[in-house]
Amino acid sequence: MNSTEVQVSVELHVNGQRVSVDADPSTPLLWVLRDHLGMTGTKFGCGIAQCGACTVHIDHAAVRSCQFPLEAATNKQITTIEGLSKDGSHPLQQVWVEENVAQCGYCQSGMLMAAAALLTATPQPTDADIDTYVNNICRCGTYPRVRAAIHKAANKIKA
Amino acid sequence: MRRAALNYSRRKFLITAASVSGGLMLGVTLPTEAMAASVKRQPWGQSPPHNSTEFTPWITIGKDSTVTIRVATPDIGNGVMTQALMIVTEELNCDWNNVRAEYASPNRNYVDGQVYSKEMGYAAFFARSTGPKRVAILLQAGASARERLKEAAAQIWDVPRSEILAKDSLLTHANTNRRLTYGDVAEKAGSVQLESEPVPKPRDEWWFLGKANPRKVQQPLIARGAAVYGIDVKVPNMVHAALMQSPAHGGRLKHFDFDKVRNMPGVLGFAVVDPTEQRPAIDPKLFPFGIEGTVAQSGIAIVAEHYWQARKALDAMPVEWEDGPGAMGKPTIRSIGPHSPQWSRRARRLRSIEATRWSKSANTKRSLKPSISPHSPSTPRWSLSMAPRWLRKTALTYGTRRNRGNKRTSLPHKSPEWLRSGYSSIKQTLVAASGDEHMATMFEWSWPWQKSFLDGQLRSFGLARRQHGRAGIAT
């Protein structure tokens with residue numbers, strides 16, 4: 001047993017709340033959220049920061065939480081799909097429902113978080129922006145609907 | 001499975017194989033979701049739900065007129081839940097905004113005379129999820145429930161059943177201008193015995209199926225991250241396991257040293273998956289397609305309080321495998337890799353074709369040259385699911401070695417053995433679709449017309465193949 005295998009108490013700011021977690025500081029944020037805090041909206045997909053199913057916001061930027069260690073998340077504002085809005089009222093969430101975007105839905109939490117970060121940074125994204133920022137993988141192939149929904153949400157926010 | 005109980009204090013636990021991500025939605029919840037058909041949180045509910053009457057194992061109606069419909073197959077995104085609700089609504093004439101789905105309990109099916117599988121066999125739980133047989137079953141269940149509701153109202157009002165109209169979860173007797181909701185008479189209707197079962201109306205009289213186009217009922221839950229998938233299920237006192245399997249098919253666990261990791265944080269024990277262990281026979285009716293050739297693969301799992309603890313301990317534990325015959329075949333890289341004679345001959349020719357084609361392309365973004373960006377995925381975001389239907393079919397056809405005589409799906413006769421074998425073909429098609437340079441080259445060699453066809457298809461969908469370097473976070 002080496003010195004890195006220790007449990008420490010870490011304070012986090014998740015969805016506007018202060019929480020305390022006892023875990024190895026190297027634990028990926030994904031497992032802290034899912035396993036320690038019970039917030040299972042954030043999904044495990046590939047575990048190697050490729051697919052984006054685990055995307056959360058850290059200080060308003062989209063980050064793949066499966067490769068983001070707990071120790072790096074202290075003193076940062078973490079937002080998960082559960083905190084994107086209290087009641088599903090975020091424009092993206094509304095449009096997602098209206099446009100019937102999800103198929104199986106497993107990747108969509110990450111897709112939504114990536115899209116939300118994009119709209120914060122780029123209120124009127126182009127198709128190219130969407131391809132660049134929202135590079136999450138969807139096995140069902142919902143990309144055309146995702147793209148259409150992001151444009152619709154952008155217009156909704158603007159209006 | 002051999003288990004070593006260490007300090008998990010005999011509590012009940014369920015090992016969740018968190019190393020496998022769940023793709024099935026098990027259940028979803030939305031008690032506050034207004035004005036829409038919805039789905040229930042629990043994988044399956046208690047039977048019957050509180051304050052409601054069960055008409056058939058498929059349908060219950062609550063005192064508040066909520067119609068709950070049980071769905072036996074998992075909704076994997078194909079909309080089987082929404083479809084089941086729509087089929088019942090067609091005949092039950094209930095208010096679409098007050099129907100909800102929940103999963104049928106396989107356990108109940110077992111203890112309760114196969115109530116869900118008597119018409120379709122066990123396939124009711126895993127196959128033909130949108131098949132016509134299900135339509136017939138649910139139309140009949142809906143029609144039957146509707147007539148029993150009407151009969152109950154007819155008895156209350158002492159009028160003929162034929163004079164009662166059932167629509168939007170309301171029972172109306174127009175002559176006397178009387179009304180009851182489905183919920184009002186549900187309890188009474190639950191005990192009504194019809195003299196003869198009603199016949200569902202013919203297809204050309206459908207008012208809802210094929211006409212209404214509601215969104216899938218899970219959408220609000222998915223959008224809030226509230227849908228519950230297999231990987232999200234929690235049970236009391238749950239612990240987690242990380243599993244490692246033999247790297248070669250059919251390999252055996254030779255040695256492992258649990259003592260090296262037993263004191264790591266959270267570690268509770270280990271579990272060995274031993275393929276030679278005697279297992280109870282499986283009812284062959286469960287798997288009509290046969291699973292005799294399916295054998296457990298040798299594996300070792302670490303059980304811990306949390307998944308990451310199990311994973312770290314598993315990674316840290318010394319494990320040795322005895323590969324066995326599974327590793328004795330010709331390595332794939334030698335069969336298809338750049339050093340094989342077939343590869344070099346064909347690849348040389350092909351690369352020149354490639355070079356010509358791409359250099360002629362005005363759109364240099366579509367070059368297959370990889371460029372590395374620190375934040376970008378190592379492969380382009382492009383999956384077989386985006387490929388045209390025929391290509392997916394092609395992959396499947398090859399995969400099962402079934403040549404249906406279709407010109408498109410017939411294999412080149414001169415293809416080497418690895419291409420003829422189903423596995424290689426699937427793999428080849430998959431990696432080709434992923435855009436990997438070597439594989440794409442190989443792909444073109446096998447089916448020279450496919451790649452351009454593919455790009456054309458994608459363009460017609462308004463999509464371009466996403467290439468290396470275009471993904472990633474630009475700042």
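What's counted below: heavy atoms across the whole structure, side chains too, no hydrogens, waters or symmetry copies. Computed from a predicted structure; not experimentally measured. In what follows, every chain begins at residue 1, and chains take the letters A, B, ... in the order their sequences are listed.
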ask   = Looking only at atom types and distance, does a side-chain atom of A:N100 sit under 3.5 Å from a main-chain N or O of B:K216, one as donor and one as acceptor?
value = yes
ask   = Taking atom NZ of A:K158 as the centre, does the number of heavy atoms from other residues, nucleotides or ligands within less than 6.0 Å exceed 12?
value = no
inquiry  = Contact between B:R224 and A:E82 at the side-chain level, heavy atoms closer than 4.5 Å - yes or no?
reply    = no
ask   = NE2/B:H306 to CG/A:D22 distance, rounded to the nearest 0.5 angstrom?
value = 8.5 Å
From A:Q103 atom CD to B:I222 atom CD1, the distance as rounded to the nearest 0.5 Å = 9.5 Å
message = Is A:H36 close to chain B through its backbone or its side chain, or both, or neither, when contacts mean heavy atoms under 4.5 Å?
response = both
key: Verdict with supporting geometry, B:D232 and A:K43, salt bridge (charged side-chain N to carboxylate O under 4.0 Å, His left out)   = CA-CA 9 Å; B:D232 304 328; A:K43 301 301 182 206; 2.4 Å; yes
Part of A:D129 within contact of chain B (heavy atom distance under 4.5 Å) = neither
note = Looking only at heavy atoms, the pair that brings A:S26 and B:W308 closest together is O-NE1, 4.1 Å
Chain B contact via A:V32 - which portion, at a heavy-atom distance below 4.5 Å = neither
ask   = Around A:K86, counting heavy atoms of other residues, nucleotides and ligands shown, do more than 12 lie under 6.0 Å from its NZ?
value = no
key: Polar contact flag, side-chain donor to acceptor under 3.5 angstrom, A:D24-B:Q309   = no
note = With chain B, the option among A:G88, A:A61, A:A102 that has the most non-hydrogen atom pairs under 4.5 Å is A:A102
task = Could you check whether the rings of A:W31 and B:Y307 sit parallel, tilted or perpendicular, using 30° and 60° as the cut-offs?
result = tilted
query = Between CD of A:Q108 and CD of B:Q218, what distance do you get to the nearest 0.5 Å?
reply = 12.0 Å
query = Should the pair A:Y106 and B:Y229 be assigned to parallel (<30°), tilted (30 to 60°) or perpendicular (>60°) ring geometry?
reply = perpendicular
inquiry  = As a quick check of understanding, evaluate side chain to side chain contact (heavy atoms under 4.5 Å, CB included) for B:I231 and A:F44, giving each step before the final call.
reply    = CA-CA 8 Å; B:I231 198 174; A:F44 166 71; 4.0 Å; yes
task = Walk me through it: do B:K312 and A:T27 pass the test side-chain hydrogen bond (donor to acceptor under 3.5 Å, both in side chains)?
result = CA-CA 9 Å; B:K312 278 196 88 166; A:T27 306; over 6 Å; no
remark   = All heavy atoms of A:S109 vs all of B:G225, minimum pair found to be OG-CA, 3.9 Å
task = Identify which of B:A223, B:P214, B:G79, B:G266 forms the greatest number of heavy-atom pairs closer than 4.5 Å to chain A.
result = B:A223
ask   = What part of A:L84 is in contact with chain B, defined as an atom under 4.5 angstrom from a non-hydrogen atom: side chain, backbone, both or neither?
value = neither
ask   = How close do B:Q219 and A:V101 get, heavy atom to heavy atom, and via which atoms?
value = NE2-N, 3.9 Å
CD1-CZ distance between B:I76 and A:R139, expressed to the nearest 0.5 angstrom = 7.5 Å
